[in-house]
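Small disclaimer: the values here were computed from a predicted structure and weren't measured.
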Amino acid sequence: MPIEATFAQPQDPLTELGEALDREKSTAQSVKADTESATTLIALEESYPEGGLRAWLVVLGCFLYACTVFGWGLNWGVLQDYYHTTMFPNTSLSVLGTIVGLANFVSMNLLHAQCISMNNGEFQQKMIAISCFLAYLCLLASAFVTKVYQLFLFQGCLLGLSQGIGMPLYFSLCSQWFLKKRGLATGIAVSGSGIGGGIETLIMRQLISRIGYRNTILTFSSLHAVIWIFAWFLLKERLPPGTNPTAKKLWLPKKITGSFWSVALSMFFGVFGYLPPYYLSTTYTRQMVPGLSASSLLATVPLIAMNFCLGIGRISAGRLADIFGPINMFFCSFFVGGLLQMVFWTFARTYTAIIIFSILNGLVGSWFMSLLPVVCARLFGVEGLSTITGFMILANSPGQFVGTTIAALVLSTSGNNWKAVSLYSGSMQIVGALSILYGTRHGKKPNMTTLTCYTITARFHQEKRVFVKV
């Protein structure tokens with residue numbers, strides 16, 4: 001073989017020149033694409049109103065819906081105590097607790113997916129109107145119940161179906177109008193659940209003792225109808241620039257990562273421990289302070305305080321999320337809430353201690369729900385946000401359904417040991433907190449092994465440093 005064959009043949013200068021021009025062209029196109037992407041991102045960020053009358057009217061509308069829809073659920077402790085002591089004294093707490101659990105489960109699990117897939121403009125407004133009308137009929141019918149199964153039907157299954165039509169639709173509207181103030185706006189809107197729950201708890205206890213159960217429910221159903229009509233005219237959907245409103249809605253984000261499963265698992269586990277203090281508060285107070293009369297308002301004061309502080313806490317959580325990051329505050333809500341139950345509620349045996357626990361738990365332990373749309377927007381963007389938020393709400397439906405029922409079963413099987421209830425409830429919130437830090441390896445299809453063993457991070461996937469706003 002000639003020695004020349006051992007060397008690469010020289011390339012044609014014209015070929016080298018063409019390749020150089022292609023490289024320069026490719027670099028220029030890449031720079032242009034990056035510039036256009038950055039320009040689009042800046043334009044998208046600048047397009048958010050971040051305030052103004054229309055944006056804050058949307059927040060007010062969402063606030064009013066939260067006051068009545070979520071507030072009704074947090075008011076259940078008063079109704080459950082009345083059913084248990086007066087209307088159906090032979091029915092156990094675990095059975096009565098399943099009624100509101102059924103309503104929560106159905107509303108968050110069955111109809112929201114159907115509505116999310118069709119959440120465009122005026123149709124979205126119509127679905128919310130249908131939701132309100134059906135919910136009003138359910139409340140109206142529940143005023144005439146005489147059997148426990150009728151409660152399961154009208155205050156459980158059918159009310160849950162009615163609320164489930166509109167819940168995920170107005171739950172994510174605030175994030176479409178705000179970016180920098182998204183946490184604050186969402187916190188204000190969802191704080192209505194606590195404020196409304198506190199007001200309704202205060203009013204319902206007084207009305208039941210004065211005008212009876214039937215007239216009380218008729219009054220509440222009429223009041224809700226008036227508020228819903230007013231709030232409906234305040235809502236308005238705002239699609240981000242470049243969004244195609246007729247595009248097919250996705251059931252899940254385009255790219256499923258460990259971050260997605262991490263948030264879903266956190267919601268799944270944490271909610272099992274979130275509701276027991278609310279639904280069992282009145283019964284717990286009455287047993288720990290037996291000197292209170294059956295009609296005394298003092299038995300419901302801890303629940304009222306917890307609900308009002310829930311509203312205040314969610315507003316402050318929104319502001320803290322804007323400062324320290326929504327994912328960080330999401331973690332703190334479950335973690336601190338779980339510690340409060342395991343350490344404080346376990347040893348709260350006096351009326352004063354119960355009040356203090358109720359205030360602290362309301363202020364901190366409920367942040368996660370108001371931060372959920374903000375966390376989802378941070379991790380997955382605002383496109384299809386109501387779909388993603390709806391899936392995360394679906395993830396907490398098992399805890400909504402049987403979380404309080406399990407707590408009541410723990411109470412009865414442990415010989416009325418409230419320490420067992422607080423340890424169960426608090427530990428579930430701790431698991432929820434840890435789940436936001438652990439999930440599946442990026443890019444892997446999840447299974448039980450990877451969900452348990454692989455360490456990832458919805459939070460650390462975004463930022464590995466600890467003391468950073470995320």
Side-chain angles (χ1 to χ4, degrees), residues 65-66 68-84 87-88 90-117 127-171 193 197 200 204 213-214 216-218 220-222 224-225 228 267-268 271-272 274-276 278-280 369 390-409:
Y65 275 110
T68 49
V69 177
F70 294 103
W72 174 266
L74 294 176
N75 180 44
W76 176 256
V78 176
L79 286 173
Q80 179 176 265
D81 185 66
Y82 179 79
Y83 294 147
H84 184 59
M87 286 186 68
F88 310 106
N90 296 325
T91 306
S92 66
L93 282 175
S94 60
V95 173
L96 293 173
T98 307
I99 297 173
V100 69
L102 178 62
N104 292 334
F105 178 80
V106 172
S107 66
M108 295 181 177
N109 194 31
L110 294 181
L111 283 184
H112 74 84
Q114 170 185 328
C115 302
I116 286 168
S117 63
M127 295 303 294
I128 294 175
I130 293 173
S131 171
C132 295
F133 178 72
L134 295 178
Y136 167 72
L137 293 180
C138 291
L139 292 177
L140 196 65
S142 69
F144 301 93
V145 300
T146 57
K147 305 291 183 181
V148 175
Y149 80 87
Q150 294 170 345
L151 286 177
F152 273 92
L153 182 63
F154 292 114
Q155 290 188 359
C157 182
L158 295 181
L159 182 61
L161 286 170
S162 303
Q163 293 176 343
I165 295 175
M167 186 181 296
L169 301 179
Y170 56 74
F171 195 61
S193 58
E200 292 197 356
M204 181 166 287
Y213 169 80
R214 176 172 297 177
T216 298
I217 299 300
L218 291 175
F220 267 80
S221 60
S222 301
H224 282 190
W228 288 337
M267 292 297 296
F268 176 83
V271 175
F272 275 89
Y274 162 59
L275 290 174
Y278 291 88
Y279 293 159
L280 300 177
M369 189 61 75
F391 184 89
M392 296 306 175
I393 293 175
L394 183 150
N396 77 54
S397 58
Q400 296 273 2
F401 186 20
V402 296
T404 303
T405 302
I406 293 175
L409 288 174

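Of all heavy-atom pairs spanning Ile165 and Ser131, the tightest one is CB-CB, 3.8 Å. The shortest heavy-atom contact between Cys138 and Phe154 is CB-O, 3.6 Å. Closest heavy-atom contact between Phe268 and Pro398: CE1-CG, 3.6 Å. The two residues Ile217 and Leu139 have their closest heavy-atom pair at CG2-O, 3.2 Å. Considering all non-hydrogen atoms of both residues, Phe105 and Ser397 come closest at CD1-O, 3.4 Å.
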Mind listing the side-chain donor-acceptor pairs of residues 399-406 below 3.5 Å, one per line with the distance, residues two or more places apart or on another chain?
unit_1 : atom_1 : unit_2 : atom_2 : d
Gln400 : OE1    : Asn104 : ND2    : 3.0
Gln400 : NE2    : Asn396 : OD1    : 3.4
Thr405 : OG1    : Thr98  : OG1    : 3.1

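In this structure, the side chains of Trp72 and Leu79 come closer than 4.5 Å at one or more pairs of heavy atoms. A heavy-atom distance below 4.5 Å is not found between the side chains of Phe70 and Gln163.
Put simply, CD1 on Ile99 and CG on Leu151 are 4.5 Å apart, with the number rounded to the nearest 0.5 Å. The structure places CG of Leu96 at 10.5 Å from CE of Met87, a figure rounded to the nearest 0.5 Å. Of the inter-residue distances, the one linking Leu93 atom CG with Leu280 atom CG reads 7.0 Å to the nearest 0.5 angstrom. The distance from the OG atom of Ser94 to the CG atom of Leu409 is 4.5 Å, given to the nearest 0.5 Å. Separation of atoms SG (Cys132) and CG (Leu137) is listed at 11.5 Å; rounding is to 0.5 Å. Between Tyr278 atom OH and Gln80 atom CD the span is 15.5 Å, to the nearest 0.5 Å.
Thr216 is linked by a side chain to side chain donor-acceptor pair (under 3.5 Å) to nothing, counting only residues two or more places apart in sequence or in another chain. Annotation: side-chain contact (heavy atoms from CB on, under 4.5 Å) contacts of Thr68 (sequence neighbours excluded): Glu200, His224, Ile227, Trp228.
Looking only at distances, a side-chain donor or acceptor of Ser162 sits under 3.5 Å from a matching main-chain atom of Leu158.
The one candidate from Tyr279, Tyr213, Phe152 that meets the ring-ring contact (aromatic ring centres under 6.0 Å, His included) condition with Tyr83 is Tyr213.
Phe144 CZ: more than 12 foreign heavy atoms inside a 6.0 Å radius.
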Pair Tyr82-Val78, side-chain contact (heavy atoms from CB on, under 4.5 Å): steps then yes or no: CA-CA 6 Å; Tyr82 179 79; Val78 176; 5.7 Å; no
